[in-house]
Amino acid sequence: MRHPVLTMEGINKEFPGVKALSDVSFELYPGEVHALMGENGAGKSTLMKILSGVYSPTQGTIRLKGKEVTFGNPLDAQRQGVSIIHQEFNLFSNLTAAENIFIDRPEMVGRFGRIQWSKMYDEAQRLVDSIGGGEIDVRKEVRHLGVHSQQVIEIAKALSFKADVLIMDEPSAALPENEVKKMFDVVNRLRAQGVAIVYVSHRMKEIFEIADKVTVLRDGAKIDTRGIEEVTEQNLIQMMVGKEVGQLYPVREQKHGQEVVLKVEQLSLDSAHRVSFELRKGEILGLFGVPGSGTHTIAERLFGLRRGTGDIIVHGTAVKISSPSQAKAKKIAYVPPDRHRQGIIKPMSIRQNLSLPMLPQLSKYTVLDEARIKEMSGEYMEKLRIKAPSDGQSVDFLSGGNQQKVVIGKWLAANPDILILEEPTRGVDVGAKAEIYNIIHQLAQEGLSILLISSEMPEVIGLSDRILVLYKGTIVHEFAHGEADQEQLLQRASHPLPEGGLL
Ligand SMILES: Nc1ncnc2c1ncn2[C@@H]1O[C@H](COP(=O)(O)OP(=O)(O)OP(=O)(O)O)[C@@H](O)[C@H]1O
Ligand SMILES: [Mg+2]
């Protein structure tokens, strides 16, 4: 019989007003990739933070290689063999990769208090090589490295402590599609070396590709642990949500209008070249391209975060948009892909965040209409199923997916004419995804024009009335509704314009 490398038993965790975990048990064996799944707010991150010494449990025990342990802090946990890679990397961008890996480590300091640079570089390079990162130069500063390489550095840092257990909390969320495969190579190597890996993700496809086992949490309780070959996607969804989930993509009842709400002509700026398109009233227009294709640049341009040449015409009038406030004045709203940097103000409450963009409408004679704000925030909390004790909860304490819902709610509440959505469901669970899709649909039916940018192909295909494909900043193809499948979409997104021009 193999023995578990790690056992968690009877874990409870209470935050003020929230029971985040109740009586959770969890076992981990060497050389297994163990997926941890559950809806937003189910308790995944909290359980992993307890395992890695960030929080201490209110109750419960952790056994590592048979011995009961307590972790005072993350460094303590790392020394004892448990490392975590959080979704946001904790690297110092102005230090080299090697320095990041061995930061503050006594074994790299020589007899006279000098750092042993060559030992450090050699050891760092060896670690990075051992997980397939041979092309990374550890003497380079981290800010010059791509996202995948930064993740490799995080993993190397974890391994420098001889990790028995490595926890990866939504490791693919920050990676472009083509780098996920590289990350899987690293995970496979680690598995082969006997490391036990906990893999937290909302992406079904990945779970079935990489995991050996899966544990599902719901409302802070463990539902079950199963072998991956014992379950289907439907089983997992049911375990997570606690009921059958209906159709993910709503069916479109009526066609969108003909009136052109937004017209973009010959837009050019760094990674976009002479992009022209029209967005009609109530239309959902998908914009798809691989990272760097220009979709993000175009979104930022339309919201006034960047400048460039070309014309933007809103409701038939050429407009100047050189700042977000000018964009907002034209009733353009933007849900950015990176909620942490651009979407929300974390120390503020859910209610305050939701009401931010609509403060002008909510204040009568400069006095805030508190009752209206409360009503509105209650409505959006319910619509988006934001899980929190109340709308007075600080956004800081929300789970990752629930923070994303606040970002979306915030812009929906602003009642725009044109809504640019970029990666609207990143980090969001299936139940909430269906909710968000429904809301997007409903808004389109009501006449809102939506520009949808997403790297999730099923989402673009399932929701869009039309899809424009970008390749290196140029529109190379247009798919009508129902015309595209994933293969064709990817094919178009990875090739230049065919001879003879568009279509
Ligand atoms: N520091 C904290 N203070 C108060 N409540 C917290 C804190 N951290 C988490 N919570 C609450 O505990 C519950 C579990 O959150 P957790 O972050 O573990 O969810 P999760 O499963 O990781 O969700 P997601 O998929 O959205 O990341 C949520 O209700 C969350 O609001
Ligand atoms: Mg989480």
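Worth saying up front: this structure is predicted, and the values here are computed from it rather than measured. Atoms within each ligand, like the ligands themselves, are counted from 1 in listed order.
Between Tyr29 and His34, the ring center distance fails the sub-6.0 Å criterion. Checked against the 6.0 Å centroid criterion, the rings of Tyr55 and Phe71 do not qualify as a close aromatic pair.
In terms of modelled atom types and a separation under 3.5 Å, the side chain of Lys222 and the main chain of Ser22 share no donor-acceptor contact. Between the Gln403 side chain and the Val395 main chain, a donor and an acceptor come within less than 3.5 Å of each other.
Looking only at heavy atoms of the protein, atom 27 (O) of ligand 1 is closest to Gly400 N, 3.4 Å. Looking from atom 31 (O) of ligand 1 to the surrounding protein, the closest heavy atom is Phe397 O, 3.0 Å. Here the protein heavy atom with the shortest distance to atom 14 (C) of ligand 1 is Gly41 O, 3.4 Å. The protein heavy-atom contact nearest to atom 29 (O) of ligand 1 is Val18 CG1, 3.8 Å. Shortest contact from atom 17 (O) of ligand 1 to any protein heavy atom: Ser399 CB, 3.4 Å. When hydrogens are left out, the protein atom nearest atom 16 (P) of ligand 1 is Thr46 OG1, 3.5 Å; that is the closest non-hydrogen contact. When hydrogens are left out, the protein atom nearest atom 12 (O) of ligand 1 is Ala20 CB, 3.5 Å; that is the closest non-hydrogen contact.
Interface atoms of ligand 1 facing Ser45, defined by a heavy-atom separation under 4.0 Å, are 17 (O), 18 (O), 20 (P), 22 (O). Applying the 4.0 Å criterion to heavy atoms of Tyr55 picks out, from ligand 1, the atoms 1 (N), 8 (N). Remark: ligand 1 atoms within the under-4.0 Å shell around heavy atoms of Ala42 are 19 (O), 21 (O). For ligand 1, the atoms lying closer than 4.0 Å to a non-hydrogen atom of Glu170 are 25 (O), 27 (O).
Using a 4.0 Å cut-off between charged side-chain N and carboxylate O, Lys44 and Asp169 make no salt bridge. Under the 4.0 Å criterion applied to side-chain N and carboxylate O atoms, Lys213 and Glu229 are not assigned as salt-bridge partners.
The side-chain heavy atoms of Met37 and Val214, taken from C-beta on, include a pair separated by under 4.5 Å. At a threshold of 4.5 Å between non-hydrogen side-chain atoms, the residues Ser172 and Glu206 count as touching.
If you look at Phe15 next to ligand 1, the close heavy atoms, those under 4.0 Å, all belong to the side chain. Residue contacts with ligand 1 for His202 involve side-chain atoms from C-beta outward but no N, CA, C or O (heavy atoms, distance under 4.0 Å).
Using a cut-off of 2.8 Å, one finds that Ser45 contributes an N/O/S atom close to the Mg ion (ligand 2).
Cation-pi geometry between Arg203 and Phe208 is not met: the NZ or CZ atom fails to fall both under 6.0 Å from the ring centre and inside 45° of the normal.
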